[in-house]
S.K.: 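Pasting in a structure now, in structure tokens, and then I'll have a few things to ask.
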Amino acid sequence: MASLNVKINNLELKNPVMTASGTFGYGLEFADFVPLDGIGGIIVKGTTLNPREGNDYPRMAETHQGMLNCVGLQNKGVDYFCSNIYPQIKDIDTNMIVNVSGSSPEDYAECAARIDILENIPAIELNISCPNVRDGGMAFGVTCEGAASVVRAVRKRYNKTLIVKLSPNVTDIAEIARAVEAEGADSVSLINTLMGMAIDIERRRTMLSINTGGLSGPCVKPVALRMVWQVAKAVNIPVIGLGGISCAEDAIEFLMAGATAIEIGTANFIDPAVTIKVRDGINDWLDLHGCNSVNDIIGALEA
Ligand SMILES: Cc1cc2nc3c(=O)[nH]c(=O)nc-3n(C[C@H](O)[C@H](O)[C@H](O)COP(=O)(O)O)c2cc1C
């Protein structure tokens with residue numbers, strides 16, 4: 001058996017397969033289907049400083065080879081997470097990582113600081129695709145200064161591994177990655193969802209309550225892969241790749257493009273045990289190709 005261990009800053013992952021935020025609940029919801037301790041890391045639902053109701057329904061629509069969602073970060077807020085969810089997940093034997101969102105740099109930083117003190121949460125992932133309320137709602141993650149401002153504020157108050165999740169809705173994702181690296185991000189993950197839309201032609205209405213939403217699933221994979229490859233060449237910190245991964249071969253493509261680890265999102269809705277199947281498939285592929293470690297194929301693309 002090949003070694004599947006990888007490292008993201010100080011974070012040791014027993015294998016490179018993690019779950020993507022918003023698609024795997026707090027992990028507990030999937031415990032009947034998959035051994036949670038067999039996954040390299042579980043990135044839990046988006047958490048904000050204050051509770052959020054999320055958007056009106058409908059919030060999801062199926063598309064060819066994918067789906068659109070506009071859930072809108074529904075969650076009960078960071079204090080509820082700390083007092084009610086954390087005690088239930090803290091002993092799961094994997095890296096439990098919290099995805100953090102906010103509408104100002106101070107919001108993000110305060111939320112991060114409250115999670116910093118939780119002993120068994122070794123890392124956070126910042127979702128910078130949220131609208132900057134002060135600057136008229138444009139997402140932080142679409143400008144270098146917006147992205148940098150969030151990381152700068154959080155880095156002052158968060159001491160553990162800081163992963164910054166990048167938005168693909170930009171012209172040059174590599175420059176955003178460099179901007180967050182310069183502010184002290186320990187890793188970048190990409191991609192978040194791509195902005196999209198679907199119309200019910202009989203009703204002449206959009207399929208989602210707020211008209212547009214985030215596209216995910218197999219249809220986004222080529223875009224995600226291209227961006228991971230570009231970012232991996234642009235930064236010196238580890239890159240976590242995601243977007244449309246649903247089998248071991250997909251994951252291996254991301255690893256070869258330069259990702260140190262991967263996340264699986266939408267595919268969990270189709271097969272709740274997909275993470276473990278991808279982990280085992282990576283191992284089989286490595287064995288078949290005579291590789292002793294997954295590290296042998298990270299960035300191994302010849303391009
Ligand atoms: C229903 C749903 C909810 C999501 N919620 C979050 C979230 O709270 N925070 C976040 O950073 N990304 C969120 N995402 C984005 C995913 O984590 C992931 O970046 C995206 O879906 C691409 O990966 P995939 O194609 O494997 O699903 C959500 C995606 C879906 C489908």
S.K.: Are the side chains of V44 and I97 in contact, using a 4.5 Å heavy-atom criterion?
M.R.: no
S.K.: Are L126 and V71 connected, step by step, through hydrophobic side chains (Ile, Leu, Val, Met, Phe, Trp, Tyr) whose heavy atoms are closer than 4.5 Å?
M.R.: no
S.K.: Would R279 and D284 satisfy salt bridge (Lys or Arg N to Asp or Glu O under 4.0 Å), going step by step from the backbone distance to the final call?
M.R.: CA-CA 9 Å; R279 178 201 65 182; D284 291 347; over 6 Å; no
S.K.: What's the spacing between E125 CD and S189 OG if we round to 0.5 Å?
M.R.: 3.5 Å
S.K.: According to a hydrophobic-cluster definition based on side-chain heavy atoms being under 4.5 Å apart (Ile, Leu, Val, Met, Phe, Trp, Tyr only), do V164 and M138 belong together?
M.R.: yes
S.K.: Report, one line per pair, each donor and acceptor closer than 3.5 Å where one atom sits in a side chain of residues 27-35; sequence neighbours left out.
M.R.:
unit_1	atom_1	unit_2	atom_2	d
E29	OE1	Y26	N	2.9
E29	OE1	G27	N	3.3
E29	OE2	Y26	N	3.3

S.K.: Can you confirm whether more than 12 heavy atoms, excluding those of K76, are under 6.0 Å from its NZ atom?
M.R.: no
S.K.: Just by modelled atom types, is the G40 backbone N or O under 3.5 Å from a matching donor or acceptor in the T94 side chain?
M.R.: yes
S.K.: Assess whether a salt bridge exists between R157 and D116, defined as any Lys/Arg side-chain N lying under 4.0 Å from an Asp/Glu carboxylate O.
M.R.: no
S.K.: Are any non-hydrogen side-chain atoms of D91 and N120 less than 4.5 angstrom apart?
M.R.: yes
S.K.: Evaluate side-chain contact (heavy atoms from CB on, under 4.5 Å) for Q74 paired with R52, printing each intermediate quantity in order.
M.R.: CA-CA 5 Å; Q74 179 183 0; R52 283 178 60 103; 5.7 Å; no
S.K.: Taking transitive links into account, so neighbours of neighbours count too, which hydrophobic residues share a cluster with I201 at under 4.5 Å side-chain distance?
M.R.: M197, I199
S.K.: Are side-chain heavy atoms of L225 and F254 found at a separation under 4.5 Å?
M.R.: yes
S.K.: Hey, are R155 and D186 close enough for a salt bridge, meaning a charged N less than 4.0 Å from a carboxylate O?
M.R.: yes
S.K.: Would I176 end up clustered with M195 when hydrophobic side chains under 4.5 Å apart are linked, directly or stepwise?
M.R.: no
S.K.: Testing the 3.5 Å rule here: is there a donor-acceptor pair between the side chains of N192 and N127?
M.R.: yes
S.K.: Under a 4.0 Å threshold between the charged nitrogen and the carboxylate oxygen, would R134 count as salt-bridged to D107?
M.R.: no
S.K.: Rounded to the nearest 0.5 Å, how far does CG of D200 lie from CG of L208?
M.R.: 11.5 Å
S.K.: Does any donor atom in the side chain of N55 or S209 lie under 3.5 Å from an acceptor atom in the other side chain?
M.R.: no
S.K.: Side chain of Q88, backbone of N84: donor and acceptor closer than 3.5 Å?
M.R.: yes
S.K.: Any side-chain heavy-atom pair from N292 and L286 closer than 4.5 angstrom?
M.R.: no
S.K.: Under the 3.5 angstrom rule, does the side chain of S167 hit a backbone N or O of S129 as a donor-acceptor pair?
M.R.: no
S.K.: Do V100 and L73 belong together in a cluster built from hydrophobic side chains that touch within less than 4.5 Å?
M.R.: no
S.K.: Could you grab the distance from atom CE of M227 to atom CD1 of I173, nearest 0.5 Å is fine?
M.R.: 4.5 Å
S.K.: If you round to the nearest 0.5 Å, how far is CD1 of I42 from OG of S21?
M.R.: 12.0 Å
S.K.: If we only count heavy atoms from C-beta on, is the N15 to V17 side-chain gap below 4.5 Å?
M.R.: yes
S.K.: Could you work out, with side chain to side chain contact (heavy atoms under 4.5 Å, CB included) as the rule, every residue matching T266, not counting sequence neighbours?
M.R.: M67, S216, F269
S.K.: Under 4.0 Å between a side-chain nitrogen and a carboxylate oxygen: does that hold for E119 and K160?
M.R.: no
S.K.: Between the side chains of T206 and N211, does any donor sit under 3.5 Å from an acceptor?
M.R.: yes
S.K.: Under 3.5 Å, is there a donor-acceptor pair linking the side chains of S104 and E106?
M.R.: yes
S.K.: E12: what forms a side chain to side chain contact (heavy atoms under 4.5 Å, CB included) with it, not counting sequence neighbours?
M.R.: K7
S.K.: Have a look at L215 and tell me which of V223, V220, T193 forms a side-chain contact (heavy atoms from CB on, under 4.5 Å) with it.
M.R.: V220
S.K.: Check whether any side-chain heavy atom of L68 sits under 4.5 Å from a side-chain heavy atom of M60, and report yes or no.
M.R.: no
S.K.: Please give me the minimum heavy-atom distance between A261 and L13, naming the atom from each residue.
M.R.: CB-CD2, 3.9 Å
S.K.: Tell me, please, which residues at least two apart from D280 pass side chain to side chain contact (heavy atoms under 4.5 Å, CB included).
M.R.: I276
S.K.: Is any side-chain heavy atom of Y86 closer than 4.5 Å to one of M96?
M.R.: no
S.K.: I would like to know whether T47 and N99 meet side chain to side chain donor-acceptor pair (under 3.5 Å); could you show each step before the answer?
M.R.: CA-CA 6 Å; T47 300; N99 178 274; over 6 Å; no
S.K.: Give me the atom names and distance for the closest heavy-atom approach of P238 to S187.
M.R.: O-OG, 2.9 Å
S.K.: What pairs of residues pass the side-chain hydrogen bond (donor to acceptor under 3.5 Å, both in side chains) test when at least one of them lies in residues 230-242, not counting sequence neighbours?
M.R.: R226-Q230
S.K.: About how many Å separate CD of E263 and CD1 of I245, when rounded to the nearest 0.5 Å?
M.R.: 8.5 Å
S.K.: Determine, using the 4.5 Å side-chain heavy-atom cutoff (strictly less than), whether L162 and I128 are members of one ILVMFWY cluster.
M.R.: yes
S.K.: With rounding to the nearest 0.5 Å, note down the distance linking CH2 in W229 to CD in E253.
M.R.: 13.5 Å
S.K.: With a 4.5 Å cut-off on side-chain heavy atoms, are T48 and N75 touching?
M.R.: yes
S.K.: Run the salt bridge (Lys or Arg N to Asp or Glu O under 4.0 Å) test on R152 and E145 for me, step by step, so that the C-alpha distance in whole Å, both residues' side-chain angles and the decisive distance to 0.1 Å come before the verdict.
M.R.: CA-CA 10 Å; R152 197 177 305 136; E145 184 40 41; 3.6 Å; yes
